[in-house]
Peer 1: 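Okay, handing you the structure first.
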Amino acid sequence: MTLINEFLLKNKLRISTNPCVSPDFCLDWPALSAKAMGGKAAAIVRYQRSEFETSAGRWTLFEDPATGDCGWQLDGAGNGDLLGLLSDGTAAGPARALFPATFANLLKIKNLVQERDPASTLFPTASERLGRSTLGIGARFTTLHWPGVEWAMAHLAIGMTANQNSIPRELVYDVDAMLGGRLDTVPFPFIGTSVPEGHQGQSVEGMSHGCVLSKLKTGFHRRRIAWSFNADHQPIGGKFDSREDQLVTGCVLASYITFDLSPELAQTAVPSDAGAWVKSNVPAELLASVRTRVAAAGLAINEAEFSRLVAYVWPAMKKMKRRDEKYRAAREGLFTTAVGREYLRELSIDELPGLTTPETTAVMLSLCEALGMKIHFIAPAFGFQKNMPYPDNAALKALIEKQWAVCEKFGASIGFHSGSGKSAENYQVMGRVTGQRLEIKTSGRYTYEMGRALAASKDPADKALWGDWYRFTLELALLGAFSADPTEQKMARVFVSDALAKAGKPSNVFESPAACRSALEALPASPEHMFWFEYNFLYVLAAGGRAEKAALGDHTPAGYAQRSRFYSISAEGRLHYARNVARYIVFLAETTGLSTAATCAKARARLDHYADLEALVADIGA
Ligand SMILES: [Zn+2]
C-alpha cells in the first residue's frame, strides 16, 4: 500500500469527504472488491452513464458511496486476458473483471480509450479549439466544483479549461514530499507570513483523477465535448530546478501547461554589457530569426533594449525549453496515441515587472518560435488586480489592442490572468478586441461562490460552517489590522475599511483593537465583505479552523479534518454551489462572446428550475 493511502486510512480520511488527496480513487481495494463481489453488492453504486467501450470490452465505473472508493468493472468482449489489462484485478465471472481505480490503472485506461477512439472526450485533450478560445476554471473545490463546470459546458455546448490550478502553489505536487514534511512555503505578504504550498490540500494526481471520474459519473463524456486540464503556473528555474522531475511526473494528465518564468527571472542579474553577453551566449542564427520576426510584426527594435531583454530572459527560456522536453518525453513514455500525448502551452509573462510592452510580447513569442515551442496562449500584464474590475474600459481596450496586434501575427491567443471579478464591460472588451481568441483565468471567484452557497443554505450544518468561516476571516482581519508587519497591517486595514465603507459605516476604526472589533462585529456576516473575500481560501486547510498563522496550510490530519467539513455539506449547499459556478461561467461566456446571448439566457432559465441537486446532475450527461 502506498504511504499516502496508509496515512489516509489510518486517520479515517476517506475519499467521500476528502477527495483528490491520494492520486488513487480507491484506498482499500480488498474491502471494495469484497463488497462488489459479495453479499453487499447493493451498497455499491454502478454508474450506468459511465459506460464506455475499448477493444477489450465494456467498462463501468462503480463506487462505494460510504467511503468514496471506486473501481472498474470490465465486461469482456471476447476471450482475451482481462486481468492482464490493468493491475490488481479480480475475476468476477467468466468474462468479467474488477479493478481498483488507482492512478496507475487510470493511465492505462487512457491508452485503451484513445487507441479505440481518438476523438473520445473522456480524458482532457488539446483539441484545436481549446488552444484558441477557452475559459480557465480553477477547481479549488474539486468534486464539489466539477458538476457545475460540466453543466455549463453541456448547456453552452462548448469545451473549456475545465480543470485548472497552480502547482505547487495550490495543489500538492508530490504526496510523498508532503508526508515527508518537505513542502516548501509560499510567501503571502498580505497576511505577513508564508503558508505551506499546496494550500488547498489536494494533490495534482488526485485532481487529475477526480476530474475524469466526475465526467464519467455524470455521463458528460457522452456529449463528446472536448475539455482541457491546465497545470497552471508551472514554475521554471530558480529554486524549482531541484524538483522539476517531480513537477513533470505529477502533471502527466494535464493537456495544457502554463510556463511561469518568474522563479528564474527573480535570480537573473542582467550583465552590465548585455550586448556582449548576448553575443557570446545566444546563438547568432536564433537572434537573427527573432529580429526578423519582430520586425515582420511591425515593431521596431531598439538594440540596447533588445539586448537587455534577451539577456534577462535567455537563461529562463533555456530552462523552459528543457522542461518542455521533459513534459513531452513523459507523455511519450506513458501514452501510446498522438492525441494522448498532445498538450497546449501558455507563456505567462504577467509576472515580469510593469505593464508588458508589445515589443516584449513579440520578442518572447519569437524566442519561443525559434526554440520550436508552439505557444497557444500568452499572458501579458495589463495591470489587473485580482477580483477587481479594471477601472478604465477605454484604456483597457487600447492596451489589449496593442497586445492583440502582436499576438495575432504569431497565431497566439491572449491569456488574461487574475481574470476573476472583472466587469461585464471589461470582459466584453477582451472578447471583442481578440475576436474570442482568449482565455479568462478564474479561480478565487469559486471560493467566493462557496461562501455565497453556504450563506444561502437553510441546512444547519452549512450555516454553522459559514458562520465559522466568516468568523475566521474576521479574526484574521483584526490580527492583521494591528500587526507590526507594515504590509500586513496596511492590507488588513484596506479590507476592513472597504467592508465598513460599503456598509455605510465609519471606516476609520483603528484607534484600538477593541474599537475595530466592535465595528466589525456590528456588521452582518456577508461574503461580500472584502476581508472575507481576501482571507477565505486559507480556511480550507487551517488546522482546527483556527485563525492563527501557524494553523494555515496544515497537511496533517488536523488540516484534512478541517477540509472534510466542506466535503460534508448538504445537498442543498451543493446545489447552490453548482448553480453559482455554472452561472458565473455562463456570465463569462456571454460577456466574452464565446456563447450567444440567447444560448446563455436559455441556460440561466434552466439553471433556475432545478428542485434539487439530483435534477441538476441528471441534466449534465447525454
Ligand atoms: Zn500569470
Side-chain angles (χ1 to χ4, degrees), residues 131 134-140 161 163-171 173 186-190 197 199-200 204 228-240 247 251 254 256-266 268 309 312-313 316-317 319-320 323-324 327 343-358 360-361 363-365 367-368 373 375-388 390 396 399-400 403-404 406-407 410 412-422 426-427 430 434 437-446 537 588:
T134 185
L135 298 172
I137 314 296
R140 287 180 176 175
T161 312
N163 195 38
Q164 160 197 302
N165 266 134
S166 297
I167 305 147
R169 188 185 175 92
E170 293 176 281
L171 305 187
Y173 78 104
V186 181
F188 283 97
F190 78 99
E197 56 185 27
H199 60 63
Q200 295 302 293
V204 53
S228 64
F229 165 22
N230 176 217
D232 203 1
H233 284 102
Q234 289 283 286
I236 302 298
K239 65 176 182 175
F240 295 94
L247 285 169
C251 294
Y256 174 7
I257 304 284
T258 295
F259 295 87
D260 175 359
L261 307 180
S262 55
E264 184 67 16
L265 295 179
T268 305
L309 177 61
Y312 179 47
V313 302
M317 297 298 272
K319 287 191 175 179
M320 174 171 80
R323 176 78 65 83
D324 188 56
Y327 290 125
Y343 59 101
L344 305 168
R345 294 185 196 86
E346 175 179 52
L347 180 59
S348 180
I349 53 173
D350 66 326
E351 293 80 11
L352 270 68
L355 292 182
T356 311
T357 64
T360 297
T361 303
V363 169
M364 297 302 278
L365 284 171
L367 278 169
C368 290
M373 279 179 68
I375 296 294
H376 300 85
F377 297 93
I378 185 160
F382 294 105
F384 283 173
Q385 304 263 61
K386 275 197 164 79
N387 311 314
M388 302 277 258
Y390 194 84
L396 178 62
L399 279 177
I400 301 173
Q403 291 292 335
W404 177 240
V406 175
C407 295
F410 287 86
S413 296
I414 296 185
F416 291 94
H417 290 190
S418 300
S420 283
K422 302 293 167 280
N426 294 160
Y427 293 128
M430 298 176 203
T434 61
R437 292 285 307 268
L438 54 68
E439 173 171 50
I440 314 282
K441 275 204 166 150
T442 55
S443 183
R445 174 79 192 196
Y446 306 109
F537 69 100
L588 291 174

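Atoms within each ligand, like the ligands themselves, are counted from 1 in listed order. Computation of the quantities below employed the complete heavy-atom set of this structure, encompassing side-chain atoms and omitting hydrogens, waters and symmetry-equivalent molecules.
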Peer 1: Counting backbone and side-chain atoms alike, does Ser418 have an N/O/S atom under 2.8 Å from the Zn ion (ligand 1)?
Peer 2: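 No.
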Peer 1: Is any side-chain heavy atom of Glu439 less than 4.5 Å from a side-chain heavy atom of Tyr256?
Peer 2: yes
Peer 1: Rounding to 10°, state the angle centred on the Zn ion (ligand 1) that links OD1 in Asp350 with OG in Ser348.
Peer 2: 80°
Peer 1: Looking only at the side chains, is there a donor atom on one of Thr161 and Thr134 sitting less than 3.5 Å from an acceptor on the other?
Peer 2: yes
Peer 1: Which atom pair, heavy atoms only, marks the closest approach of Val204 to Tyr173?
Peer 2: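 So the two residues come closest at CG1-O, 3.9 Å.
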Peer 1: If you stand at the Zn ion (ligand 1) and look out to ND1 of His417 and OE2 of Glu351, what angle do those two lines make, to 10°?
Peer 2: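 That angle is 170°.
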Peer 1: Between Phe416 and Tyr390, does the ring centroid distance fall short of 6.0 Å?
Peer 2: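 Between Phe416 and Tyr390, the centre distance exceeds or equals 6.0 Å.
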